[in-house]
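Below is one structure, written out as structure tokens; the observations come after it.
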Amino acid sequence: MKELSLYILDIVQNSITAGAKNIGISITEYDNGMLQMKVTDDGCGMDEETLNQVKKPFYTSRTTRKVGLGVPYLIMAAEQTGGRVVINSRDQEQYIDDHGTEVTADFNSRHIDFPPIGDIISTLSLLIHTNPNIDFYFHHSSPTGSLKLETKEMRQVLGDVPLNTPEVLEWIKDYLTEQYSTL
Amino acid sequence: MKTLAELVEIRDRMKEKVALREGLGDKRIVVGMATCGIAAGARPVLNTFVSAINESGLSGTVSVTQTGCIGICQYEPVVEVFEKGKDKVTYVKMTADKVARIVEEHIKGGKPVKEFTIGEVK
């Protein structure tokens, strides 16, 4: 994948497949050049056995269709820069009220193999457009500032108007573009 | 500055339009959005469809959604068009540039762009 924002789009697909109602996406850039990307969800989660399979590239292949090659792909991208990926998960069988998955990827953004962050606005507007019933919480911070987008907050204002209404999507794009211009 | 208050205006404006959305789903444009699709460039394809449909004022009747891996990864980005009472049309090796013609000739005009479909593209 050419952009970090495409890895995010891909990893979030797993959260959607896992039936998540709330998905958090965060990007944190640090002074020392490290960048942490985190996707958290309240989906069905994975038991320990599945979790171990997910982390092994090529082991999952096509028999575990739910996961696919997305995670090994992300692991490769992070490790190429000297970073790493950590996945924690609580499956719904064991954790009835508190299940979900957290994928954390650390990158060294100064490494030559670090993919550019890319068009994050495109990733977010696509996710919201195609999943209007899921709540997304997005947060991006860097040493110079931070921005956030919370669909729950928007929903409170919008009432019955769905998040994927063209005018609302336009607002999301403009809002994020404006926020990014000050980051 | 963009503020949440602007969403109040959108909400009030949309109240009158709600009835329009009842026909939504008569036509569905579905974009494959698994790892294979994303890596091949499905994101700009989907976003371009969304803009084109919104700009044509068709967002009340045509939905643009995503799906997982369809199983023909070598042909990604793959786009399927479903229409009530008609056969599914599968467009392959899609690009954002091909979107305008599909919206114009197929979605509006009712005639699939044959040269972009799976039977024609090699």
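Just so it is clear: chains get the letters A, B, ... in the order the sequence lines come, proteins before strands, and each one is counted from 1.
A salt bridge is defined here as a Lys NZ or Arg NE, NH1 or NH2 lying under 4.0 Å from an Asp or Glu carboxylate O, and B:Arg11 with A:Glu167 fails to meet this definition.
Within 6.0 Å of the NZ atom in B:Lys86, the count of heavy atoms belonging to other residues, nucleotides or ligands does not exceed 12. Heavy atoms from other residues, nucleotides or ligands lying under 6.0 Å from CD of A:Glu48 number 12 at most. The environment of CZ in B:Arg101 is crowded: more than 12 heavy-atom neighbours from other residues, nucleotides or ligands sit within 6.0 Å. For A:Asp98, the CG atom sits in a packed shell: over 12 heavy atoms of surrounding residues, nucleotides or ligands are nearer than 6.0 Å. In A:Lys2, the NZ atom is not crowded: 12 or fewer heavy atoms of neighbouring residues, nucleotides or ligands sit closer than 6.0 Å. Counting heavy atoms of neighbouring residues, nucleotides and ligands inside a 6.0 Å radius, atom CG of A:Asp160 does not exceed 12 of them.
Of the inter-residue distances, the one linking A:Gln156 atom CD with B:Leu7 atom CG reads 11.5 Å to the nearest 0.5 angstrom. Distance check, rounded to the nearest 0.5 Å: CZ of B:Arg43 to CG of A:Asp119 gives 5.0 Å. Separation of atoms OG1 (B:Thr35) and CE (A:Met1) is listed at 5.0 Å; rounding is to 0.5 Å. Between atom NZ of residue B:Lys2 and atom CD1 of residue A:Ile172 there is a gap of 11.5 Å, rounded to the nearest 0.5 Å.
Neither the backbone nor the side chain of A:Glu170 comes within less than 4.5 Å of any heavy atom in chain B. With a threshold of 4.5 angstrom between heavy atoms, B:Ala34 approaches chain A through N, CA, C or O but not through any side-chain atom. If you measure heavy-atom distances from B:Val31 to chain A, you find no contacts under 4.5 Å at all. For chain B, no part of A:Ile11 is nearby; none of its heavy atoms comes within less than 4.5 Å. If you measure heavy-atom distances from B:Val50 to chain A, the contacts under 4.5 Å come from the side chain alone. Looking at A:Tyr7, there are no atoms closer than 4.5 Å to chain B (heavy atoms on both sides), in backbone or side chain. Only the side chain of B:Leu46 comes within less than 4.5 Å of a heavy atom in chain A; its backbone stays farther off.
A single hydrophobic cluster is not seen to contain both A:Val86 and A:Met37; linkage of ILVMFWY side chains at heavy-atom distances under 4.5 Å, directly or through other members, places them apart. B:Val8 and A:Tyr175 end up in the same hydrophobic cluster when Ile, Leu, Val, Met, Phe, Trp and Tyr side chains are linked at under 4.5 Å. By the criterion of side-chain heavy atoms lying less than 4.5 angstrom apart, applied directly or through intervening Ile, Leu, Val, Met, Phe, Trp or Tyr residues, A:Leu147 is not grouped with A:Tyr137; the two fall into different hydrophobic clusters. In the hydrophobic clustering of ILVMFWY residues, with side-chain heavy atoms under 4.5 Å counting as a link, A:Val103 and A:Tyr95 come out apart. A:Val39 and A:Ile16 fall within the same hydrophobic cluster, where Ile, Leu, Val, Met, Phe, Trp and Tyr residues are linked whenever their side-chain heavy atoms come under 4.5 Å apart, directly or through other members.
B:Met33 is not listed as a side-chain neighbour of A:Thr130, based on a closest heavy-atom distance of 4.5 Å or more. A 4.5 Å side-chain heavy-atom check between A:His129 and B:Gln66 finds every atom pair outside the cut-off. Looking only at side-chain heavy atoms (C-beta outward), A:Gln13 and B:Ile38 come within less than 4.5 Å of each other.
The minimum heavy-atom distance linking A:Trp171 with B:Thr3 is given by the pair NE1-O, 3.2 Å. Across every non-hydrogen atom of A:Val168 and B:Ile10, the tightest pair is CG2-CG2, 3.8 Å.
Top candidate by heavy-atom pairs under 4.5 Å with chain B, chosen from A:Leu126, A:Asp174, A:Leu169, A:Leu158, is A:Leu126.
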